[in-house]
Visitor: 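Okay, here's the structure, questions in a sec.
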Amino acid sequence: MLDQRLLRDNPELITEQLGRRGMTLDLTGLQLIAKQARDLEEQRSNLQAEGNRIGKDVGLKIKAGAAANGPEVQALRDQGNRIKQQVAVLEEEEKALDAKLREQLLTLPNLPSPEAPNGSSETDNIEIKRWGTPRVEEGLQEHWQIAERLGLFETERSVRIAQSRFVTLMGQGARLERALISFMLDLHGTKGYREVMPPILVNSASLTGSGQLPKFAEESFRCAEDDLWLTPTAEVPVTSLHRDEVIPAEQLPLKYVAYTPCFRREAGSYGRDTRGLIRLHQFNKVELYWFCHPEHSAEAHQQITADAEAVLEALELPYRKIELCTGDMGFSASRTYDLEVWLPGAGSYREISSCSVCGDFQARRSAIRLKDGKATQLVHTLNGSGLAVGRTMAALLETGQQADGSVQLPAALVPYFGAERVTTP
RNA sequence: GGAGAGGUGGCCGAGUGGUCGAAGGCGCAGCACUGGAAAUGCUGUAUAGGGGCAACUCUAUCGAGGGUUCGAAUCCCUCCCUCUCCGCCA
């Protein structure tokens, strides 16, 4: 959420910066609401002050010996009642305006960082670097072909269990997924991340706090009777881990790594990535998350991205790092790097991690502050996938595929998987 | 699911209608004392919003929401959460 003071003092900045995201908006209506709400607050609080004075007077008069039912006290009572009625009216208007203001502010995305490159779509993203040598050969198979041959997961039977876009990992596939999760958690653990296993059903306040609600309700699965939703990403519960808290500055940064299943409706992606592990309603992800001091968030963004890159490098998976342009960034982000892994079978780079700094955007929605000596201020939050597990498996299968049909695994994974290769069962 | 107890400031804990944002203690910070420290003493120490250059000031907040009252931490209603016991369950 954007700062209401910014709306008041510098609305041009908002229109200008959100313009970089390709939005054209007219804030005059919103500004008017903000001004009215402020005026009402002033009137109301002045009236309340008067009411408080009267209340005290009554007490004092009675204590001084005035009859509790005498005319003097009765006059004050009447006056108090009149004020009470006026306050009630103002309060109602004020509440309505505040709700409207908040509701509208919640739909505005974060302002892009000055560093974020301008652009309107993914074609304007900027490649920052490439790591590793992509495997390019004729006749390489895609991961779902390999997986089918090796019996790593069931797709058709998963439709029986649930729906399309679900898989059931089987045998070495299930084991590999588990190995990857443990490997990633351990790796990040050595870098000062504290492991978290949060609830994966979250309430509306949590989704609002990280920015998924109110705008993206159609992307999440909901348990309607309980005000609970299936998390689309661990970012949601981890943000709310510290919702409504004031964190002592010396405890920052707080660095968390969370493994969770993630659930997404993938509305509007009919026919895209229908085979394999790339786009599922349920997938596993290891997520990195930082709460940090505003002064350090820029360097933290470099660090969290480097921590995600380290996973790809340890797994010997060639990738490229791109910076998203303003038109392609997510709702809560002010600046984002995507990591794209090379899929030799598909012959293309594919997003496997997205590392964003959100500034105080989520912190304001979630009321997460820091206390530095006397002053409290909003913290900055960052998140990054470290990594999307299913896509990592896809990359490993395509990268390690051998002429004999087996899949060679990177050395780092062997102790976790318990074998050097995935083979025909 | 049934029965009971309870939710007050960073923490503990007092407060059952009147100047209570809230005694006292702990913790923390500053100052004094000291060669330095401990101990001791003094002072300060919540959050959000509004006004003011500032000193400061106004409003709200004692789990949440509503009600009674001139006035609510205190009385009434609804909800949420925590704890204990019983049942059930992985």
Visitor: I want to verify a distance call: between B/U19, B/A60, B/G50, whose nearest atom is closest to the A/Glu42 side chain?
Guide: B/G50
Visitor: Categorize A/Arg8 for me: base, sugar-phosphate, or nothing, with a 4.0 angstrom heavy-atom threshold over every strand shown.
Guide: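 Sugar-phosphate, no base atom in range.
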Visitor: Go ahead and name the base partner of B/U59; Watson-Crick or wobble counts if both distances stay under 3.5 Å, otherwise write none.
Guide: B/A48
Visitor: What does A/Ile83 touch in the nucleic acid at a heavy-atom separation under 4.0 angstrom: a base, only the sugar-phosphate, or nothing?
Guide: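 If one applies the 4.0 Å heavy-atom cut-off, A/Ile83 turns out to touch nothing in the nucleic acid.
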Visitor: Checking all strands, does A/Lys35 fall into the base, sugar-phosphate, or nothing category for heavy-atom contacts under 4.0 angstrom?
Guide: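 The residue A/Lys35 makes no contact with any strand.
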Visitor: Pick the P atom in B/C75 and in B/U16, then give their distance to the nearest Å.
Guide: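 Each nucleotide's P atom is 9 Å from the other's.
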Visitor: Is the shortest side-chain N to carboxylate O distance from A/Arg350 to A/Asp273 below 4.0 Å?
Guide: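 Yes, charged N to carboxylate O under 4.0 Å.
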Visitor: Taking the same atom, P, in B/U74 and in B/U69, what whole-Å distance lies between them?
Guide: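 Taking atom P in both B/U74 and B/U69, they lie 16 Å apart.
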Visitor: Nearest to the side chain of A/Arg44, which nucleotide is it out of B/G49, B/U59, B/G71?
Guide: B/U59
Visitor: May I ask you to say what A/Arg5 touches in the nucleic acid, namely base, sugar-phosphate or nothing, with a heavy-atom cut-off under 4.0 Å?
Guide: sugar-phosphate
Visitor: Could you let me know what B/A5 is paired to, Watson-Crick or G-U wobble, both distances under 3.5 Å, or none if it's on its own?
Guide: B/U82
Visitor: RNA chain B: A/Ile62 or A/Glu41, which has the more 5' nearest nucleotide?
Guide: A/Ile62
Visitor: Say we look at B/U82 and B/G30: how far apart would their C1' atoms be, to the nearest angstrom?
Guide: 38 Å
Visitor: Quick one: A/Glu91 CD to B/G65 C1', roughly how many Å, whole number?
Guide: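 Rounding to the nearest Å, CD of A/Glu91 and C1' of B/G65 are 13 Å apart.
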Visitor: Under a 3.5 Å distance rule, please check whether A/His188 uses its side chain to pair with a backbone N or O of A/Leu288 as donor and acceptor.
Guide: no
Visitor: Consider the side chain of A/Arg77, meaning its heavy atoms from C-beta on, and name the nucleotide among B/U47, B/A60, B/C70 that approaches it most closely.
Guide: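 Selected nucleotide (nearest to the side chain): B/C70.
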Visitor: Strictly under 6.0 Å, is that where the ring centroids of A/Phe183 and A/Phe417 end up?
Guide: no
Visitor: In the strands shown, is B/A23 matched to any nucleotide by a Watson-Crick or G-U wobble pair with both distances under 3.5 Å, and which?
Guide: none
Visitor: Applying a 3.5 Å limit to both distances, which nucleotide forms a Watson-Crick or G-U wobble pair with B/G30?
Guide: B/C42
Visitor: Can you figure out which of B/C58, B/A48, B/A60 approaches the side chain of A/Ala49 most closely?
Guide: B/C58
Visitor: Among the candidates B/U59, B/U69, B/U19, find the nucleotide nearest to the side-chain atoms of A/Asn52.
Guide: B/U59
Visitor: Pick the closest RNA chain B nucleotide for A/Lys95 and for A/Lys56 by heavy atoms, then say which residue is nearer the 5' end.
Guide: A/Lys56
Visitor: What integer number of Å spans the P atoms of B/G65 and B/U8?
Guide: 16 Å
Visitor: Could you work out the separation of B/G6 and B/G21 based on their P atoms and round it to a whole Å?
Guide: 26 Å
Visitor: Between B/G50, B/U69, B/U19, which nucleotide has the shortest distance from any of its atoms to the side chain of A/Lys84?
Guide: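 Looking only at side-chain atoms, A/Lys84 lies closest to B/U69.
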Visitor: Have A/Ser204 and A/Asp227 got a donor and an acceptor in their side chains that come within less than 3.5 Å?
Guide: yes
Visitor: For A/Asp57 and B/G18, give me the distance from atom CG to atom P, rounded to whole Å.
Guide: 17 Å
Visitor: Taking atom C1' in both B/A3 and B/C58, what distance in whole Å separates the two?
Guide: 48 Å
Visitor: Give me the distance, rounded to whole Å, that separates B/G10 from B/G17 when you measure between the P atoms they each carry.
Guide: 27 Å
Visitor: For B/G65, which nucleotide in any strand shown is its Watson-Crick or wobble partner with both distances under 3.5 Å?
Guide: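 B/C77 is the nucleotide pairing with B/G65.
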Visitor: When rounded to the nearest Å, what value does the distance between C1' atoms of B/A23 and B/C12 take?
Guide: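 Nearest-Å result for B/A23 against B/C12 at atom C1': 14 Å.
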Visitor: Could you tell me the Watson-Crick or G-U partner of B/A54, where both distances fall under 3.5 Å? Say none if there is no partner.
Guide: none
Visitor: Where the side chain of A/Val58 is defined as all heavy atoms beyond and including C-beta, which of B/U47, B/C70, B/U19 is the nearest nucleotide?
Guide: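 Ranking B/U47, B/C70, B/U19 by closest atom to the A/Val58 side chain puts B/C70 first.
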Visitor: Taking 4.0 Å as the cut-off, does a side-chain nitrogen or oxygen of A/Thr376 come that near to OP1 or OP2 on B/A46?
Guide: no
Visitor: Would you call A/Arg364 and A/Asp360 a salt bridge, taking side-chain N to carboxylate O under 4.0 Å as the test?
Guide: yes
Visitor: Using a strict 4.0 Å threshold on nitrogen-to-oxygen distance, state whether A/Arg53 and A/Asp57 make a salt bridge.
Guide: no
Visitor: B/C58, B/U19, B/C70: which one has an atom nearest the side-chain heavy atoms of A/Ser45?
Guide: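 That would be B/C58.
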Visitor: Between A/Glu266 and A/Arg165, is there a salt bridge with N-O shorter than 4.0 Å?
Guide: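 Answer for the salt bridge query: no.
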Visitor: By nearest atom, which of the nucleotides B/C70, B/U47, B/U19 is closest to the A/Asn81 side chain?
Guide: B/C70
Visitor: Provide the Watson-Crick or G-U wobble partner of B/G35, both distances under 3.5 Å; none if there is no partner.
Guide: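 Base-paired to nothing in any strand shown.
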Visitor: Counting only Watson-Crick or G-U wobble pairs whose two distances fall under 3.5 Å, which nucleotide matches B/C70?
Guide: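 Base partner found: B/G18.
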